[in-house]
Structure formats: C-alpha cells, structure tokens
Engineer: 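Dumping the structure here so I can ask a few things about it.
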Amino acid sequence: MAHYPTPHIDARPEDFAPTVLMPGDPLRSRMIAEQFFEGAVQINNVRGVQGYTGTYRGKRVSVMASGMGMPSMGIYSYELFHFFGVKNIIRVGSCGSMQPQVGVRDLVIALSAATDSAYPDHFSVPGKLAPTADYTLVRTCADLAERRGARAHIGTVLSSDVFYGEDQSYLPESERSLARWGKMGILCVEMESAALYLNAARTGARALTLLTVSDSLLTGEALDAVERQNSFTEMITLALDTAFELS
Ligand code: HPA
C-alpha cells in the first residue's frame, strides 16, 4: 500500500470507504455523490476523474469514475484495490442487450464477463481466465433486486473493446460476431467488467457489475434521456443498498 498518491488518484487510502461505486462517467460520479450521499467530500479530480466519499444510510461509501473501456477501468480498479486498500468495487453502467428476453430498462447482474479483449492475456496463465464476480456481492444484490421486484437478469456479459464495430453485412447473419456471442448465452455487451473482475482476482478483492439495459442490439430500441435517468436511479439505489449490506 506504499505508493500513493498514484499517477491517477491524488488521495490517501483512508480517504476511500471499503466499497466504491464506479460509473464510467465522472459527471455521474458527482451526481451520485450529490443526490445519494450525505456529507460528500471530493477526494480525487486527477484528469477530471471525480471521486467522492460520504455516507449512505449512515455508512461510509465512495464513488469514483472508471472512464470508458478496459484500459481505463484496468488502471483505476487496480490502483483502488492495490494501493488504496479498497475491498469492494461495484461498477454501475449501461449495456446493449443481445438477447430477446433482455429488454431495455431491465437490469443485468454480471455473474461473469467474457471478452474479445487482449487484456486477460497480460496475466499469464496456461489457459483462459474466467473473469467472475464475487459470489457474496452477486447474492446480496440479487436478493435485494428480487425483494424489490426488479426485472434483473443474472448471467454472462461481453466486455468488448469495440463500440463502433463493423456492420459485418458481408457475412451471413449467423456468422456475425453478435450472433455468435448471443448463441453462447451472452446477455449484453459493455466495455469494462472483464478488467474489473480480473483485477479483483489478482488482488484478492471483490467486484460486481450492475448494468441497466440502455439499448437493444437486436431491435435498435434505445432509452431516451428521461428513461435513462429513471433506470439509472433504480440501479444506483440497488448498488448502494448492496454496499450497505457489505459493511
Ligand atoms: N456496446 C458497448 N457498450 C454499451 C453499449 C453497446 O452497445 N450500450 C451501452 N453500453
């Protein structure tokens, strides 16, 4: 825990609560602190990556942005776990559905994260790693979701390096990458969870990703700004109630 501040986080370990919520967007980080925390104090702003600590239902909790994509999530999650002693990270983000039963506005609890990224290749094992969420976090979150009657799907997501992929219309439909991942039961696509789960594994910490489905890659349906905000609020309170149960 020696080397802090790090190049990306200008804080001390004691500035962070044991559990950190991580949205991708720094403005979302500020909004979570302002709307859901009591007594929020800003603890990081390097590169505009805003981090705050405050209390929720009387317990300390932090929020800090991850940025977009696995290299960015990889940096922040590793630094939080390794240099700042953070015990739990709960990513809160959005995803695109790849299954007909996963509708926009639904929630996805990412049990595991398949990936098309080379990120896992940097941690040499003689095989393929399975980036996996922490079971206690999954169970806690799933129980709370069920009690609230939320529409939550629990399964594998795809952490992709590519947001603007090729349309692949030169391939038969069944051979396009979306269809091939879909055939393996992948619920939806996002861009960060595999790096988060691998860093939790490397450092002996715990991680969970909770997502709202913002669009469907199958139908093209997408949430408008107001609907995005409403689903976002449902997800944040579920993530914060999960954090509350952990500490
Ligand atoms: N791809 C990657 N990340 C996303 C998407 C998507 O289609 N939708 C929301 N986050």
Side-chain angles (χ1 to χ4, degrees), residues 16-43 49-66 73 76-77 80 86-97 102-111 133-155 157 187-188 190 192-193 196-197 200 206-215 222-247:
F16 286 98
T19 302
V20 179
L21 259 62
M22 292 199 96
D25 178 351
L27 295 179
R28 279 272 154 88
S29 175
R30 188 175 77 197
M31 196 208 85
I32 292 166
E34 284 174 352
Q35 293 190 8
F36 299 95
F37 289 8
E38 301 275 338
V41 174
Q42 191 179 69
I43 53 172
V49 169
Q50 303 186 37
Y52 298 85
T53 295
T55 61
Y56 174 76
R57 294 170 56 199
K59 288 189 183 171
R60 273 181 98 225
V61 65
S62 298
V63 61
M64 194 176 84
S66 68
M73 171 57 95
Y76 293 110
S77 60
L80 288 178
V86 166
K87 303 284 182 243
N88 312 295
I89 292 179
I90 304 177
R91 159 165 157 69
V92 282
S94 64
C95 64
S97 168
V102 179
V104 294
R105 284 173 287 271
D106 289 359
L107 292 171
V108 172
I109 296 169
L111 200 53
D134 176 78
Y135 179 65
T136 301
L137 270 68
V138 171
R139 193 179 56 187
T140 304
C141 185
D143 285 350
L144 288 169
E146 192 177 320
R147 257 185 265 156
R148 288 175 177 207
R151 263 187 69 86
H153 306 267
I154 306 173
V157 305
L187 298 176
C188 64
E190 52 88 72
E192 291 82 15
S193 297
L196 172 62
Y197 289 0
R206 307 195 294 189
L208 176 69
T209 288
L210 183 56
L211 302 162
T212 53
V213 181
S214 60
D215 50 273
L223 292 183
D224 65 30
V226 174
E227 288 177 313
R228 262 176 192 265
Q229 193 54 52
N230 291 341
S231 336
F232 187 73
T233 300
E234 187 193 15
M235 173 177 62
I236 297 305
T237 55
L238 181 55
L240 285 169
D241 287 336
T242 302
F244 178 87
E245 297 291 329
L246 300 175
S247 47

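Just so it is clear, the values below take in all heavy atoms, side chains as well, and ignore hydrogens, waters and symmetry mates. Quick note: residue numbers are just sequence positions, from 1.
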Engineer: Could you check whether any side-chain heavy atom of Gln35 comes within less than 4.5 Å of a side-chain heavy atom of Ile236, counting everything from C-beta outward?
Structural biologist: no
Engineer: Quick one: do the Ser231 and Thr212 side chains pair a donor with an acceptor below 3.5 Å?
Structural biologist: no
Engineer: If you measure only the distance, is there a donor-acceptor pair under 3.5 Å linking the side chains of Arg206 and Thr19?
Structural biologist: no
Engineer: In sequence, state the C-alpha distance, the side-chain angles, and the governing distance for Thr242 and Glu245, and then conclude on side-chain contact (heavy atoms from CB on, under 4.5 Å).
Structural biologist: CA-CA 5 Å; Thr242 302; Glu245 297 291 329; 5.9 Å; no
Engineer: I'd like to know if the side chain of Ser29 and the backbone of Asp25 have a donor-acceptor N/O pair within less than 3.5 Å.
Structural biologist: no
Engineer: Tell me, do Val63 and Val20 make a side-chain contact under 4.5 Å, heavy atoms counted?
Structural biologist: no
Engineer: Looking at CD1 of Ile32 and CG of Leu240, how far apart are the two atoms once the value is rounded to the nearest 0.5 Å?
Structural biologist: 7.0 Å
Engineer: Hey, does Arg139 have a side-chain heavy atom less than 4.5 Å from the side chain of Asp143?
Structural biologist: yes
Engineer: State whether Phe232 and Arg28 meet the cation-pi test: NZ (Lys) or CZ (Arg) under 6.0 Å from the six-membered ring centroid, and within 45° of the perpendicular axis.
Structural biologist: yes
Engineer: Please confirm whether the backbone N or O of Val102 pairs with a side-chain atom of Ser97, one donor and one acceptor, at under 3.5 Å?
Structural biologist: yes
Engineer: I'd like to check Phe36 versus Val61 (side-chain heavy atoms, cut-off strictly below 4.5 Å). Are they in contact?
Structural biologist: no
Engineer: Is the closest side-chain heavy-atom distance between Arg60 and Thr53 below 4.5 Å?
Structural biologist: yes
Engineer: For the backbone of Asp224 and the side chain of Glu227, can you confirm whether one donor and one acceptor N or O come within less than 3.5 Å of each other?
Structural biologist: yes
Engineer: Could you tell me whether the side chain of Leu107 reaches within less than 4.5 Å of the side chain of Arg151, counting heavy atoms only?
Structural biologist: no
Engineer: If the threshold is 4.0 Å, N to carboxylate O, is there a salt bridge linking Glu190 and Arg91?
Structural biologist: yes
Engineer: What is the distance from atom OG of Ser214 to atom CZ of Arg105, rounded to the nearest 0.5 Å?
Structural biologist: 11.5 Å
Engineer: Before you tell me yes or no, could you show the steps for Val157 and Thr209 under side-chain contact (heavy atoms from CB on, under 4.5 Å), namely the whole-Å CA-CA distance, both residues' side-chain angles and the distance that decides it to 0.1 Å?
Structural biologist: CA-CA 10 Å; Val157 305; Thr209 288; 5.8 Å; no
Engineer: Would you call Leu238 and Met235 a side-chain contact if the rule is heavy atoms closer than 4.5 Å?
Structural biologist: no
Engineer: Please round to the nearest 0.5 Å and tell me the distance separating atom CZ of Arg30 and atom OH of Tyr52.
Structural biologist: 5.5 Å
Engineer: Would you tell me whether Tyr197 and Asp134 have side-chain atoms, one donor and one acceptor, within less than 3.5 Å of each other?
Structural biologist: no
Engineer: After noting the C-alpha distance and the side-chain angles of Met31 and Gln229, does the key distance pass the side-chain contact (heavy atoms from CB on, under 4.5 Å) rule?
Structural biologist: CA-CA 11 Å; Met31 196 208 85; Gln229 193 54 52; 3.6 Å; yes
Engineer: Taking all non-hydrogen atoms of both residues, which atom of Phe244 and which atom of Lys59 are closest, and how far apart?
Structural biologist: O-NZ, 2.9 Å
Engineer: Examine distances only and state if a side-chain atom of Lys87 and a backbone atom of Pro18 form a donor-acceptor pair shorter than 3.5 Å.
Structural biologist: no
Engineer: Check the pair Tyr56 / Asp241 against side-chain contact (heavy atoms from CB on, under 4.5 Å), numbers first and verdict last.
Structural biologist: CA-CA 9 Å; Tyr56 174 76; Asp241 287 336; 2.7 Å; yes
Engineer: Atom OG in Ser94, atom CG in Asp215: separation rounded to 0.5 Å?
Structural biologist: 7.0 Å
Engineer: Locate the shortest heavy-atom distance separating Ser62 from Ala17; write the atom from each residue and the value.
Structural biologist: OG-N, 2.9 Å
Engineer: How long is the straight-line distance from CZ of Phe16 back to CD1 of Ile43, given to the nearest 0.5 Å?
Structural biologist: 4.0 Å
Engineer: Does the side chain of Leu210 reach to within under 4.5 Å of the side chain of Cys141, using non-hydrogen atoms?
Structural biologist: yes
Engineer: Look only at the side chain of Glu146 and the backbone of Gly149, and say whether a donor-acceptor pair between them is shorter than 3.5 Å.
Structural biologist: no
Engineer: Indicate the atoms forming the closest heavy-atom contact of Val49 with Ala65, along with that distance.
Structural biologist: CG1-O, 3.4 Å
Engineer: Can you tell me how far apart CE (Met64) and OH (Tyr76) are? Round to the nearest 0.5 Å.
Structural biologist: 6.5 Å
